[in-house]
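Each remark here refers to the structure printed beneath this line.
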Amino acid sequence: MNSSSSMAAADAEEVEVPPYFLCPISLEIMKDPVTVSTGITYDRDNIEKWIFSQKNLTCPVTKQPLSDADDISLTPNITLRRLIQSWCTLHAVQRLPTPKPPVTKPDLLKLLAGAGNTTPQSQIKCLQRLRSIASQNQTNRLCMEKAGAADFLASLIVRKSEAAASSDSELLIKSSEDALSILHTLQLSESGLKSLISKPHFIGCLISFMRSTSYESRAYAVFILNSMLDVADPSHLINLTPQLFAELVQILKDQICRKATKATLKVLITTCSWGRNRVKAVGAGLVGVVMDLLLDSSDKRASEMMLMVLDLLCQCAEGRAELLQHPAGLAVVSKKILRVSHAASERAVRILHSISKFSATPAVLQEMLQIGVVAKLCLVIQVDCGVRSKERARQILKLHARAWKNSSCIPNTFISTYPS
């Protein structure tokens, strides 16, 4: 709820609220009641989250199916809204403001058509209007997508490359930055995201935004790229440029914000599973940057994602070589075992398994013994940390039994459990 609805709810605690004024989902006073196709009325914010964010296509009360998400109609219940406002006035409860009606597709088409061939100043005014419309509710954002707002915004983003040669360069850059933030706000559907992927030079424009001096624009570019690549076909994922990975690595270095860091890691997890993207990422210096971040990370989910990235990179010789060259590479990976989560432990053991299977020189085996990696693997097979982790730990220990079994570096408590 916004501040006004929160205050109204607090005031209403002192008086008995009619049950039909409450949203069946949140049990709070409805500030913008809308009716779905099953005849049940909900608060707009609550039912939009249920349908669009949580991807539910059934009525929460009746469990009857609603239509496809793209065709769901939320009809304003004006009579109930007026009753609620009258009740608030009668009982001295702060009156809820009258919500703005949802935008219509004809209005949007007129707005977009008028902004298509106008001056940069007029386009900025149009973008301000679009931002206001998009910020109101998910229904408006869905209507904007249907009216072609995403194509209009994408065209302004692509025009950023023309800014340097234009007399209105500052205005063009501002309009493209505004378009980028609004495009992120739209939360496009899968079909809308795939349409963006197919646009020539669009990903290249996002890469140029990642080099921007504006942290906000860099973050929005990563957010949009993450959403696009999450639904992209393999043909788009195997042709990514080394420049993209260089910019992603730089964003990780700069630590713009936690959300941008996690979105960047997710992009890397998505892309490093395809083609030679692992080699491109390693060439951009990703291993060292992720190792440095992992060393100081206290965020559970971020640590899991970093280990996932390292696991993918260690599936190529270049990635394993970079990890071994890092002064604390093996030590940091080993340290995360049994300290973060089962998922993190599994990824860390997978990394050690890749190293021990493909890159286990005598020097590497000696380092694993000296820094306690072998002792940690012995501990893994004793505690409850997942069947797959235990099996990989056993495989590593068996694979190098001759090098490690009789070493005094292994604690006596582990000798009896050492695999034969």
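Not a single salt bridge (charged side-chain N to carboxylate O under 4.0 Å, His left out) links Lys253 to another residue, sequence neighbours left out. In this structure Arg276 satisfies the salt bridge (charged side-chain N to carboxylate O under 4.0 Å, His left out) test with no other residue, sequence neighbours excluded. In this view, Val61 and Pro24, Ile40, Tyr42, Cys59 satisfy the side chain to side chain contact (heavy atoms under 4.5 Å, CB included) rule, not counting sequence neighbours. Residues satisfying the salt bridge (charged side-chain N to carboxylate O under 4.0 Å, His left out) criterion with Glu48, sequence neighbours excluded, are Arg44. Checked against side chain to side chain contact (heavy atoms under 4.5 Å, CB included), Lys262 has the following partners two or more places apart in sequence or in another chain: Asp299, Arg301, Ala302, Met305. Contacts of Lys335 classified as side chain to side chain contact (heavy atoms under 4.5 Å, CB included), with partners at least two apart in sequence or in another chain: Arg339. Every residue two or more places apart in sequence or in another chain that forms a side chain to side chain contact (heavy atoms under 4.5 Å, CB included) with Leu22 is listed here: Val17, Ile29. Considering only residues two or more places apart in sequence or on other chains, Glu346 meets the salt bridge (charged side-chain N to carboxylate O under 4.0 Å, His left out) condition with Arg388.
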Show me, pair by pair, the donor-acceptor contacts under 3.5 angstrom made by side chains of residues 104-113, not counting sequence neighbours?
residue : atom : partner : partner atom : Å
Thr104  : OG1  : Asp107  : N            : 3.4
Thr104  : OG1  : Asp107  : OD2          : 2.8

Throw together a table of side-chain donor-acceptor distances under 3.5 angstrom for residues 229-238, partners on residues two or more places apart or in other chains.
residue : atom : partner : partner atom : Å
Asp230  : OD1  : Lys266  : NZ           : 3.2

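Applying the ring pair (Phe, Tyr, Trp, His ring centres under 6.0 Å) test to pairs two or more places apart or on separate chains, those with a residue in residues 184-217 are His184-Tyr220, His184-Phe223. The stretch residues 322-379 participates, sequence neighbours left out, in no ring pair (Phe, Tyr, Trp, His ring centres under 6.0 Å) pair at all.
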